[in-house]
Each structure stands twice: as C-alpha cells, then as structure tokens.
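Some notes on the structure that comes next.
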Amino acid sequence: SVHAHLRSQLLISTHSSHLAHGDSFTRLRYVKRVVSADSKNQSTEIVNLGDAFGTDIETRTFAERYFQVQHTDLLFADAAIFVEGTAERMLVPMFIGRNFPELSKRFISFLDIGGSHAHRLRPLVEKLGIPTAIITDLDPLLEGKDTKGRAVRAAVHIAGQQNLLCGNTTLSSWHPKLETFQDYSKLKSAELVWTSATGVKVRFAWQVPVAAASDQWPSSFEDSLILTDLKYFENLVQEKAKGKSASLDQRFFRGALGKVITTVEDHPLHSDLLKALHDLLHGRFSKGDFAATLFELMEKGDDIECPEYISDALSWLASELAPGGTPGPLVLLLVE
C-alpha cells in the first residue's frame, strides 16, 4: 500500500488531566455514557471536542487557554460546579463535605471562572452532558453619568436601590435572561434550571434576600454568608468586647475577619449593614484571607451555615447524581 509507512496512535486515559491540559480540543475525543429510557441498558457516544464550539474559534481558544492555566479535571468529572472566586472555591467543598456526604463521594470538578466568562464554556457543557451548577453573583449596577456627562455603570448594593441592572453576562446571556432586576428574587426552583435541546441540565444559583437579616438582599458570596450567619458574627462581636474569644486566636481580629466583626459591631440595627458590607468588600479587603480564616474555624468545628442559594444548588446537584441519575464519563481519547 502507498500508505503502508504511516502509523496511527491512540491513547486512552480515564483519569489523567494532563491530556486535556496540554492539547488542543481538536485532538480530544470524549466518550460518555448514554443510558436508555428504561435505565437498564447503557451505550456510549464519542464526542469530538473540536466540534464543540462550531466555527467560534475565539471561544474555543479561550476555553483551551483556560484549561491550560487552570489544569482542570472537568473532562473526567461526574459533575461540575462553576464558582466566582477564591472564597467560594475554598468554602463550597467544605459545605459539601459537611452537609452533603453522598455528593462528596462523587468526582466534582470546580471551575473558578466567574459570571463574566462562564457562558463561554456553554458549548462544552452541552457536549459533555454532565450536570452542572453555576454559582455566581448578580453584580448589581446602576446607570449614571460621569462629570463629563458620559454614561457609566457603577457597582452598587441592592438595598433601597431603584432601576438596577444585572451586570452578570452569564445570567443575562445564558439563563435566565431577565429584564427586570427585581425578578431575580422571585423565580421558583424549576425556573433556575436550564435544559438544552439534548437534555443537558444546568442549575443556576445567585444571591437571594436573607430573611434572617431584615430581608436584606446581598450581592456577593461574602455578604450573603455574613448575613446568613449574622448571629455567629454578632457573638464574635461580644467576645471581642470581652477581650477574649473561645474560638478565635487574637490574630484573627486584626485580619479580614476582624474588619467584618467591626462592621457588624458598628451596625447593630442592621438597617444599613448591607451598604456597609458592600463598601467594605469593594475596598481594601482580602477575600482570600477571609475565606481562609473561616475555613480554619470550620475545621475546628465552628457552625457556619451555608447560604441558602448555594445549599439549594448543591441539593439539586446531589439529586442529579443519585443512583439512576446522569452517569459520568468513561474515558478520554487523545488522537494522534
């Protein structure tokens, strides 16, 4: 044969994320399980990841570079959770381990990508077909004009504000695409789930009003956590006033957690606490330090409650991965 000198090579991997990390999607084939309607028989489908983004080369390039930077294990996971930043990436697994033991036994891929870019991976999520939870921020914005009369958008807190816009591109372009900002607090559980034409499900989660804190509506993971656990932080205020703490080393009072404690202390009636927290979180505040401190306290046994919008999303994901739910992938093929 004229092509007898040519040789082909096929590499099969069930766990190594290095394949996804170092190569273009055009060389990757994703083998996923397909379950029959009666859930008794299984077959497989081979997905060419190079086709996932169609002719959108820019988006595919973004996804490939993201994989190379993050070294993600998404292609080997039973499910995926998209988070906004460091604090969620650190603490959401803690909440899973404590409150969702069955979910903690599954292979979950965490993607720290943020609401401004998560929608770029939509074609890939559709192709993989694994259940996905996107935990993101509302990013409330208020339109105005600068000193030169030019239109600008400023990040603001939610309490008492009118004519707010949602600055989260994923929520505005993927799901739920609401025109009125106030409607983001009114959706039912079923309306938070986006389903593709092929049946792929994605559960979206964003901050909702916290009834325990005078119905204040947070707009980030941090202020939602603080308002959800307001009694916990008020107890720390009391311990600080006594000059001692049963759970805290004094060094914590000088870090990011100390700033939160001071802010809660200065707003005992809660009427303007949300605005104060917004100003704090958008100033010189280390969210990483705050999350690391809470991580350490939870490790010691402090009862810090998961914000409701995240807890509900994790419950949904656990149900999707229950026996008889969406099966995970089989292998990843690298085509030479």
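Remember, it's a predicted structure, so these values are computed and weren't measured experimentally.
With sequence neighbours left out, Thr147 forms a side chain to side chain contact (heavy atoms under 4.5 Å, CB included) with no residue at all. With sequence neighbours excluded, no residue forms a side-chain hydrogen bond (donor to acceptor under 3.5 Å, both in side chains) with Lys231. Taking the side chain to side chain contact (heavy atoms under 4.5 Å, CB included) definition, one finds that Phe62 meets it with Ile113, His117, Arg120, sequence neighbours left out. When the side-chain hydrogen bond (donor to acceptor under 3.5 Å, both in side chains) test is applied to Asp56, the partners found at least two apart in sequence or on another chain are Thr59. Residues satisfying the side-chain hydrogen bond (donor to acceptor under 3.5 Å, both in side chains) test with Asn235, not counting sequence neighbours, are none. When the side chain to side chain contact (heavy atoms under 4.5 Å, CB included) test is applied to Asp146, the partners found at least two apart in sequence or on another chain are Lys148, Arg150, Val152.
For Phe76 and Phe107, the ring centers sit 6.0 Å or farther from each other. Checked against the 6.0 Å centroid criterion, the rings of Phe67 and Phe25 qualify as a close aromatic pair.
Distance alone, capped at 3.5 Å, is enough to place a donor-acceptor pair between the Glu84 side chain and the Gly115 backbone.
Using a 4.0 Å cut-off between charged side-chain N and carboxylate O, Asp78 and Arg106 make a salt bridge.
Using a 4.5 Å cut-off on side-chain heavy atoms (C-beta onward), Leu225 and Ile304 make contact. Looking at heavy atoms from C-beta onward, Tyr184 lies in side-chain contact with Cys166 at the 4.5 angstrom threshold.
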